[in-house]
Amino acid sequence: MSNKIQAIRGMNDLLPEQSPVWQYFERQIQHLMQRYGYSEIRMPIIEQTALFKRSIGEVTDIVEKEMYTFDDRNGDSLTLRPEGTASCVRAALENGLLYNQTQRLWYQGPMFRHERPQKGRYRQFHQVGVEAYGMYGPDIDVEMILLSARLWEALGLMPHVQLELNSLGSNEARAAYRDALVAHFEAHSDVLDEDSRRRLSTNPLRILDSKNPDMAAMLADAPRLMDHLDEESRVHFAELTAMLEAAGIDYVINPRLVRGLDYYSRTVFEWTTQALGSQGTVCAGGRYDGLVEQLGGKPTPGVGFAMGVERLILLLETLDLIPEAARPRTDVYLTAMGDAASREAMLLGERLRDAVPGMHLQLHCGGGSFKSQIKKADKSGARMALLLGEDELASGQVGIKFLREDRDQESVALDALAARLKTLLAEA
RNA sequence: GUGGAUGUAGCUCAGUGGUAGAGCCCCGGAUUGUGGCUCCGGUGGUCGUGGGUUCGAUCCCCAUCAUCCACCCCA
């Protein structure tokens with residue numbers, strides 16, 4: 001055991017039993033994105049370290065202590081991407097996708113953060129990200145929320161998730177609010193815990209997030225971001241909530257909702273669930289109007305969000321929401337008794353796959369008794385087993401045995417087999 | 001990164017200071033070529049890893065790795 005090589009901590013294998021569930025989820029995503037007119041973009045999973053430092057923010061937890069950063073053979077500092085937005089903006093800029101045009105993009109793939117693993121939190125995890133560029137109005141913010149809501153609806157998750165909203169205001173308004181907040185905290189510094197004191201100089205907004213009950217009263221009295229919004233952001237947010245109400249989307253305004261990445265401004269939102277314990281955020285995002293410029297582009301507004309695939313799949317499993325149709329099926333299991341029949345079965349299998357393209361046919365390999373082959377046919381989940389032995393070979397017939405229905409075994413001539421199978425498959 | 005719990009067969013778990021068991025799974029047989037039920041038999045474990053205490057450790061102690069829970073963070 002000790003000399004066996006193990007997977008890296010917090011990085012998981014996706015096993016055969018699990019992959020159909022992921023594929024089901026991915027199909028839903030692809031379908032959804034097409035319906036809303038979003039195009040897929042794929043970026044490298046490694047970028048220059050500076051990209052993340054500049055976008056996410058030097059003093060955020062992600063950059064300070066969670067990135068997989070290393071020097072490559074040239075001595076350049078590279079980082080395994082901890083999130084997708086920065087790469088997406090970089091790729092869009094680099095390829096001219098933002099030049100005098102709007103974009104609706106999505107992507108999917110692994111992200112890496114060196115955190116302590118827990119259920120729903122892994123060092124390699126997967127996100128589906130959705131980003132839109134070039135649109136200032138709240139309509140695109142609303143579209144993003146509606147799009148995500150439609151996904152919950154399709155997956156059956158809607159009753160189990162809740163939408164939380166907030167506005168961070170413009171960068172100037174947030175800076176002013178930050179000063180007011182720091183003043184409030186400094187006036188009550190006796191109540192601040194150690195974490196919060198540290199954050200006072202780095203990221204005071206995060207103190208609002210604290211779950212420490214000793215600080216609850218002081219936090220309740222803290223100035224509210226909503227009261228410090230600039231006029232433009234206030235109107236933007238008001239229009240956003242009005243449109244959500246018109247669309248019938250329930251939401252809760254959470255004035256303490258802030259984001260761990262520095263690039264956000266104005267709208268921020270989170271979909272959360274109670275069903276996953278402490279890793280209950282299943283989807284989160286917001287507006288980042290300053291990021292494109294910060295990364296060297298012309299001022300271009302952006303909105304986006306990311307979903308945690310592991311968390312969503314965990315949620316689907318916890319709530320038993322994986323539809324039966326998501327599982328792969330086998331229609332036919334082809335058995336063969338004896339060497340001659342085995343050779344013939346291989347060819348027969350290919351001919352049947354040509355003739356009946358929609359059929360899922362599994363060929364028995366590896367010999368064994370008839371009994372054990374039929375046992376395997378049963379285990380495969382196939383509806384029927386095709387039986388090919390010496391008798392059948394001699395008479396040019398194949399046996400069709402029904403494994404899930406009370407029905408007589410059939411004997412069909414080889415040249416009529418494909419047609420018979422088509423008919424049988426059409427029954428279901 | 002902090003605190004706590006757990007780690008025994010592929011899976012779910014019993015168990016004891018004298019080097020291990022059940023159920024499920026898997027394989028074979030009862031039924032010379034016919035699954036699901038039943039019965040019988042079998043494969044499979046350096047008891048997470050490395051040290052220590054002991055005549056002797058899977059059990060006690062320490063360390064380490066991994067998983068889980070909470071904090072933290074976030075998707």
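Chain letters run A, B, ... following the sequence lines, proteins first, then strands; residues in each count from 1.
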Separation of atom [atom1] in [X] from atom [atom2] in [N], rounded to whole Å:
{"X": "A/E66", "N": "B/G1", "atom1": "CD", "atom2": "P", "answer": "11 Å"}
{"X": "A/E115", "N": "B/G1", "atom1": "CD", "atom2": "P", "answer": "12 Å"}
{"X": "A/I56", "N": "B/C74", "atom1": "CD1", "atom2": "P", "answer": "11 Å"}
{"X": "A/N12", "N": "B/A66", "atom1": "CG", "atom2": "C1'", "answer": "11 Å"}
{"X": "A/R116", "N": "B/C68", "atom1": "CZ", "atom2": "C1'", "answer": "10 Å"}
{"X": "A/I62", "N": "B/G1", "atom1": "CD1", "atom2": "C1'", "answer": "16 Å"}
{"X": "A/I374", "N": "B/G36", "atom1": "CD1", "atom2": "C1'", "answer": "12 Å"}
{"X": "A/R123", "N": "B/U67", "atom1": "CZ", "atom2": "C1'", "answer": "13 Å"}

Base paired to [N] (Watson-Crick or G-U; both N/O distances under 3.5 angstrom):
{"N": "B/A30", "value": "B/U38"}
{"N": "B/C68", "value": "B/G4"}
{"N": "B/C60", "value": "B/G52"}
{"N": "B/A20", "value": "none"}
{"N": "B/C74", "value": "none"}
{"N": "B/C25", "value": "none"}

Please report the closest heavy-atom contact between A/L361 and A/G349, naming both atoms and the distance. CD2-CA, 4.1 Å

Any idea which heavy atoms bring A/A275 and A/T318 closest together, and the distance? O-CG2, 4.3 Å

Ignoring hydrogens and angles, answer whether the base of [N] and the side-chain atoms of [X] contain a donor-acceptor pair closer than 3.5 Å.
{"X": "A/E392", "N": "B/G33", "result": "yes"}
{"X": "A/K401", "N": "B/U34", "result": "yes"}
{"X": "A/Q409", "N": "B/U34", "result": "yes"}

What is the nucleic acid contact for [X], judged by heavy atoms within less than 4.0 Å: base, sugar-phosphate only, or nothing?
{"X": "A/G120", "value": "base"}
{"X": "A/Y333", "value": "nothing"}
{"X": "A/E390", "value": "base"}
{"X": "A/E83", "value": "nothing"}
{"X": "A/L387", "value": "base"}
{"X": "A/R206", "value": "sugar-phosphate"}
{"X": "A/K65", "value": "nothing"}

With rounding to the closest Å, how many angstrom separate the [atom1] atoms on [N] and [M]?
{"N": "B/C27", "M": "B/A9", "atom1": "C1'", "value": "15 Å"}
{"N": "B/G51", "M": "B/G42", "atom1": "P", "value": "35 Å"}
{"N": "B/U6", "M": "B/A75", "atom1": "C1'", "value": "27 Å"}
{"N": "B/C65", "M": "B/U46", "atom1": "P", "value": "22 Å"}
{"N": "B/U16", "M": "B/G1", "atom1": "C1'", "value": "39 Å"}
{"N": "B/U8", "M": "B/G41", "atom1": "P", "value": "28 Å"}
{"N": "B/U49", "M": "B/C11", "atom1": "C1'", "value": "22 Å"}
{"N": "B/A14", "M": "B/C47", "atom1": "C1'", "value": "13 Å"}

Measuring from the side chain of [X] (C-beta onward, heavy atoms only), which nucleotide among [options] has the closest atom?
{"X": "A/R259", "options": "B/A66, B/A75, B/C27", "value": "B/A75"}
{"X": "A/Q6", "options": "B/G3, B/A75, B/C65", "value": "B/C65"}
{"X": "A/R113", "options": "B/C71, B/G36, B/C74", "value": "B/C74"}
{"X": "A/A284", "options": "B/A75, B/C71, B/U34", "value": "B/A75"}
{"X": "A/L261", "options": "B/C74, B/G33, B/G36", "value": "B/C74"}
{"X": "A/R9", "options": "B/C72, B/G4, B/A66", "value": "B/A66"}
{"X": "A/R121", "options": "B/G35, B/G33, B/C72", "value": "B/C72"}

With a cut-off of less than 4.0 Å, is there a side-chain N or O of [X] near OP1 or OP2 of [N]?
{"X": "A/S278", "N": "B/A70", "value": "yes"}
{"X": "A/Q279", "N": "B/A75", "value": "no"}
{"X": "A/K371", "N": "B/U32", "value": "no"}
{"X": "A/K376", "N": "B/C27", "value": "yes"}

Measure the shortest side-chain to side-chain distance between [X] and [Y] over non-hydrogen atoms and say whether it is less than 4.5 angstrom.
{"X": "A/I145", "Y": "A/W271", "answer": "yes"}
{"X": "A/Y36", "Y": "A/R150", "answer": "yes"}
{"X": "A/L80", "Y": "A/F70", "answer": "yes"}
{"X": "A/Y107", "Y": "A/C88", "answer": "yes"}

For the rings on A/W152 and A/H160, is their centre-to-centre separation under 6.0 Å? no

Using the ring of each side chain (for Trp, its six-membered ring), is A/Y263 parallel, tilted or perpendicular to A/Y288, with breaks at 30° and 60°? perpendicular

5' precedence on RNA chain B between A/G10 and A/R311 (nearest-nucleotide basis): A/G10

Assert: residue with more 5' nearest nucleotide on RNA chain B, out of A/K119 and A/E310, is A/K119

Answer yes or no: are there more than 12 heavy-atom neighbours, outside A/R224 itself, under 6.0 Å from its atom CZ? no

